[in-house]
Visitor: 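Here's a structure for you.
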Amino acid sequence: MKRIFLTLLTIVATGIASTIDATPVEIEMRGDRPGAAIAPTMYGLFFEDINFAADGGLYGEMVKNRSFEFHPDRFAGWNVAGNVEIMDDGPFDRNPHYVRLTDPGHHEKRSCVANEGYFGMAFTAGEDYRLSVWARSADGKGRISVRLTDPASSTETQVLAETTIDVDSPEWKKYTATLSPSSSTTDGELRIFLKSASAVDLEHISLFPAATYKGRENGMRRDIAQALEDLHPGVFRFPGGCIVEGADAESRYQWKNTVGPVENRPLNENRWQSTFAHRFYPDYFQSLGLGFYEYFQLCEDLGAEPLPVLNVGMICQFQNRLENQIPVDSLDRFITDAIDLVEFANGDTTTTWGRLRAEMGHPAPFNLKYLAVGNEQWGPEYVERLEPFVKALRAACPDIEIIGSSGPGSEGDKFDYLWPEMRRLKVDLVDEHFYRPEQWFLSQGNRYDNYDRKGPKVFAGEYACHGRGKKYNHFNAALMEAAFMTGLERNADIVRMATYAPLLAHVDGWQWRPDLIWFDNSRVAPSASYYVQQLYAANKGSRVIPLTAADRPLAGNEGQNGLFASAVIDDTAGCYIIKIANTASTPAEIDIALRLPRKRSAGPEAEVITLTADDPEADNTLDNPTRVVPVASVLALSAADRLTDTVPASAFRLYRIPLTDK
Ligand code: AHR
């Protein structure tokens, strides 16, 4: 991503002669009147294990069903040959299944387990892969051969790398090996053959690229994590989404199951397995290898504030009747889980959960500041459950900011009911969700202008433009998001966080679209929306600067020619940053009076970054990942305190105007 960003085409466009015969829109920027501070958390990420975002995606594990716990088919993801049995008295009580390979007893008949990975396994020649397996052999004379293979290979051998492991103990032991494939494939397999007359038991068979993000052992896929880092996230919300609620009480997300040794984290059904019959993935489970410790660690690595979302005692309200919900008088365990989570993140190492964090490798606190209670809940049934959480959390963890829900919609009965209730409960932020069409985004440029400034702040926790009924990514949807986000920025005194959703999608395993980043097993394609998010986050600045046309904010209102705009000052970099989305199908001439503070001068040039496309339906794909990318240029100011320009039709453009002291 960095590469794409750094190699942006640089055009010197000094003094572009406009051919547009139109009166420029007169804009005034009050550079001398900086307003509200912009929260460092303003632009962030919403992560949910939907679309194979975790297992099969960000989480580096390449083996599907590594512990033989998928059900009903314990062999899901595996092809077996010879004598292979599923056993259920393994060393990890919460994942008791494993396989026993015994000698078929015939010359050249073999016992083997072969894992297909998530939609195949991608191996790159020259890269190392770390295998680990728990094994035992009754007489200590077991032997296995481990191979990375390319089943479709047309060459002499399918074998890309091979090693032999002697299973030398009747006790369960972890064995490791490094394999380096001789050539690359995107459709590889891991195969393990029995090579001894003695039987061998195998459990938790795991394969990671050695080069994970930041080199962490139970780490993340490097290219995907890098794409996240390149978004400069200020906050990272996890682990969902509806996955927090579960499709039923069984499958709800329980953070305590996700910490401690990975081998003993119990498998959980992924609630997106069968949510959509037209996108059915019966073998979609959560290994929880990417658990709460790893999420906190990732936040630290990304430089983002962690924002966990916890179950409020409610399972998915779309799928469950009220009587299926956890009774209000049975919430103690859920509330304890919330308080214990704060201890896990922040407690000193003498506390129960702080000690576990230290044992897992992080004695220092993770500095958790925010906790969302309930995902996309609604109704009095939510409020009566949230209330005891708020009371208990305020008493036990007074420094934690609590986030409540405003329901699944951007407005309407549920929304109108919940906002006053959130005010009454005095939550710190309210999470709003909106997956809406273009027209909605165009009409909501001033959504937050009149919000009550005294109540809770806003967390725009899930949003995306679902364009023209076509639920896929395209540039025009990204442009609508860019336009709408000027309103977030102008209202940074009340909007403290905003996270596009969903974040990640495997091209072979998605349930929901559009998504911010698409990937397969070896490639990543950031969408046009990705670049909008990146441009905002990399240019968020420190304080809002008033920007108006005819004394009104530019929010696409009548007479403003479909222009949306906002401005900030970046006190550290020493520059003003103006963002303009031209949603009209004609170019717009603009003339901005900068109104500088007396002791400062600007320019003489502005850096300009433009995101546009030759076709509103264009987007990036894995085969053409750079069709829609930001393009950099330079523009000379028309006077010491004036910027005039022609903003192309259907384009998002950003100006960075350097400031110097006189
Ligand atoms: O982002 C996809 C889903 O949309 C989330 O899981 C849920 O919170 C919302 O309904």
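In listed order, ligands and their atoms are each counted from 1.
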Visitor: Suppose we measure from atom 6 (O) of ligand 1 to each protein heavy atom; which comes out shortest, and what is that distance?
Guide: Glu48 OE1, 2.6 Å
Visitor: Please name the residue in the list Trp512, Trp510, Phe276, Phe52 that meets the ring pair (Phe, Tyr, Trp, His ring centres under 6.0 Å) test with Tyr281.
Guide: Phe52
Visitor: Looking at atom 4 (O) of ligand 1, what's its closest protein heavy atom, distance included?
Guide: Glu462 OE1, 3.1 Å
Visitor: Out of curiosity, is Pro502 lining ligand 1, as in a heavy atom under 4.0 Å away?
Guide: yes
Visitor: Less than 4.5 Å apart, any side-chain heavy atom of Met422 and any of Leu386?
Guide: yes
Visitor: Run through Trp255, Tyr295, Phe47, Tyr293 and flag the one making a ring pair (Phe, Tyr, Trp, His ring centres under 6.0 Å) with Phe238.
Guide: Tyr295
Visitor: Is it the side chain, the backbone, both or neither of Asn375 that has a heavy atom closer than 4.0 Å to ligand 1?
Guide: side chain
Visitor: Any idea which protein heavy atom is nearest atom 10 (O) of ligand 1, and the distance to it?
Guide: Glu376 OE1, 2.9 Å
Visitor: Yes or no: does Trp272 have any heavy atom under 4.0 Å from an atom of ligand 1?
Guide: yes
Visitor: With a cut-off of 4.0 Å, which atoms of ligand 1 are near a heavy atom of Trp512?
Guide: 2 (C), 3 (C), 4 (O)
Visitor: If the plane angle is over 60° it's perpendicular, under 30° parallel, otherwise tilted; pick one for Phe519 and His506.
Guide: perpendicular
Visitor: Output yes when the distance from some N or O of ligand 1 to some N or O of Tyr435 is under 3.5 Å, and no in every other case.
Guide: yes
Visitor: Calculate, to the nearest 0.5 Å, the distance between atoms OG and CZ belonging to Ser443 and Phe484 respectively.
Guide: 9.5 Å
Visitor: Kindly say whether the aromatic ring centers of Tyr530 and Tyr500 come within a distance under 6.0 Å.
Guide: no
Visitor: Aromatic rings Phe434 and Trp440: how do their planes relate, parallel, tilted or perpendicular, breaks at 30° and 60°?
Guide: tilted
Visitor: Using a 4.0 Å cutoff against the non-hydrogen atoms of Phe46, which atoms of ligand 1 qualify?
Guide: 1 (O)
